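Just so you know, these numbers use all the heavy atoms, side chains as well, and skip hydrogens, waters and symmetry mates. Order of listing sets the numbers, starting from 1, for every ligand and every atom in it. Fair warning: this is a prediction, and the values are worked out from it, not measured in the lab.
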Amino acid sequence: MSSVKERYDHVVNEVALAAQRANRNPSDVRIVAVSKTVGVDVVGEAFASGITDFGENRSEVMAPKVAAFPEANWHFIGNIQARKVRDIVGVSCLIHSVDRLHIVERIAHQAEVLGMSQDILLEVNVSGEESKSGFKPDELPAALETCSKLPSLHVCGLMTMAPQADEQVVRATFRGLRELRDRQREHDWAGNVELNELSMGMSGDYPIAVEEGATIVRVGRSIFKEDFANL
Ligand SMILES: *Cc1c(COP(=O)(O)O)cnc(C)c1O
């Protein structure tokens, strides 16, 4: 039996190896431990072992964990319902999954109400699969334009999910997000649009994502699932 700490250390090591292969600095990649399937007790074990960044995809599930460990960094990575925006803004250090303009505006409004600036990522559907959420690549410039006029938002970068497919397709998806980001970064945006972060890579594909420039990987099963085959 392995512990959360041992499995996390394995992920840290795999990230470092992937970074080396790409001539990148491993410290430029943040690992978000996606704790959506485990309870407060396991989060406690993880936090005690030194894990600081956690990812959740439902506000009701996140709330008791935030209450128990307010010092941790809580990332929101799930589908955002308009009526749940209030439970996510302010609580989340970074909202990864902002996927439509209506939600952009809701988040901006709530951040304004709280008198704060909310860090967000725009989710992009790079692979074009019907089942995936996110802005289409050609919708991204207009979405960024909207964000640039909402000073209560800080757009830190982009997020995507790769299809379940062979390595070439996965790699092309991650590379596609990086290229989209690079292109948009050439534009002279307002100060609240920075695009330094690329949130991409999960348990099945995070080493490829790191090779392609991920600055944040979102890893759940490899850390929290006892019998999950590690890469
Ligand atoms: C669940 C989830 C993850 C983590 O997936 P694993 O395969 O368990 O590593 C990452 N990103 C998002 C958006 C998720 O919903």
Side-chain angles (χ1 to χ4, degrees), residues 2 4-15 18 29-39 42-43 45-46 51-63 65 72-81 84-85 87-88 91-100 103 107 119-135 156-167 169-171 173-174 176-177 197-231:
S2 58
V4 166
K5 169 78 173 134
E6 284 164 343
R7 293 190 295 267
Y8 181 77
D9 286 346
H10 177 80
V11 172
V12 170
N13 198 44
E14 290 291 325
V15 164
V29 184
R30 215 173 348 158
I31 300 167
V32 173
V34 177
S35 50
K36 65 190 182 190
T37 60
V38 299
V42 178
V43 170
E45 181 192 339
I51 299 175
T52 55
D53 286 74
F54 296 92
E56 291 285 335
N57 66 345
R58 290 176 57 198
S59 56
E60 321 81 271
V61 177
M62 177 165 77
K65 297 175 185 174
N73 300 318
W74 293 95
H75 297 249
F76 195 83
I77 62 169
N79 178 45
I80 305 167
Q81 293 168 273
K84 296 286 175 64
V85 163
D87 304 326
I88 297 169
V91 177
S92 313
C93 64
L94 180 63
I95 305 174
H96 293 228
S97 41
V98 180
D99 62 353
R100 49 203 196 279
I103 295 297
I107 293 173
D119 286 353
I120 66 166
L121 305 176
L122 296 186
E123 181 172 357
V124 186
N125 184 356
V126 177
S127 66
E129 285 176 293
E130 291 276 344
S131 61
K132 291 260 190 299
S133 46
F135 292 97
C156 303
L158 306 177
M159 180 271 223
T160 200
M161 290 173 73
Q164 294 219 322
D166 61 34
E167 182 180 327
V169 175
V170 170
R171 189 177 292 282
T173 303
F174 294 149
L177 190 72
E197 306 287 348
L198 292 172
S199 170
M200 54 191 199
M202 316 187 354
S203 291
D205 53 24
Y206 69 86
I208 304 171
V210 170
E211 287 172 10
E212 294 301 332
T215 63
I216 305 175
V217 293
R218 309 175 310 269
V219 180
R221 289 172 295 168
S222 289
I223 296 171
F224 291 111
K225 206 163 181 297
E226 179 71 46
D227 55 357
F228 187 74
N230 267 305
L231 293 156

- Task: Decide whether Thr215 and Glu197 meet the rule of one side-chain donor and one side-chain acceptor closer than 3.5 Å.
- Result: yes
- Grab the two heavy atoms, one from Phe76 and one from Ser59, that are nearest each other, plus how far apart they are. CE1-N, 3.7 Å
- With Asp9, which residues qualify under side chain to side chain donor-acceptor pair (under 3.5 Å), at least two apart? Lys5
- Taking only residues two or more places apart in sequence, or in another chain, which ones meet Asn13 in a side chain to side chain donor-acceptor pair (under 3.5 Å)? none
- Query: Partners of Val91 by side chain to side chain contact (heavy atoms under 4.5 Å, CB included), sequence neighbours excluded?
  - Reply: Met62, Val66
- Message: Please determine whether the number of non-hydrogen atoms from other residues, nucleotides or ligands lying under 6.0 Å from atom CD of Gln164 exceeds 12.
- Response: no
What are the polar N/O contacts of ligand 1 with the protein below 3.5 Å, with distances?
from: ligand 1; atom 1: 7 (O); to: Arg221; atom 2: NE; distance (Å): 3.0
from: ligand 1; atom 1: 7 (O); to: Arg221; atom 2: NH2; distance (Å): 2.8
from: ligand 1; atom 1: 8 (O); to: Arg221; atom 2: N; distance (Å): 2.8
from: ligand 1; atom 1: 8 (O); to: Arg221; atom 2: NE; distance (Å): 3.4
from: ligand 1; atom 1: 9 (O); to: Ser203; atom 2: N; distance (Å): 2.9
from: ligand 1; atom 1: 9 (O); to: Ser203; atom 2: OG; distance (Å): 2.5
from: ligand 1; atom 1: 9 (O); to: Gly220; atom 2: N; distance (Å): 2.8
from: ligand 1; atom 1: 11 (N); to: Arg218; atom 2: NE; distance (Å): 2.9
from: ligand 1; atom 1: 15 (O); to: Lys36; atom 2: NZ; distance (Å): 2.8

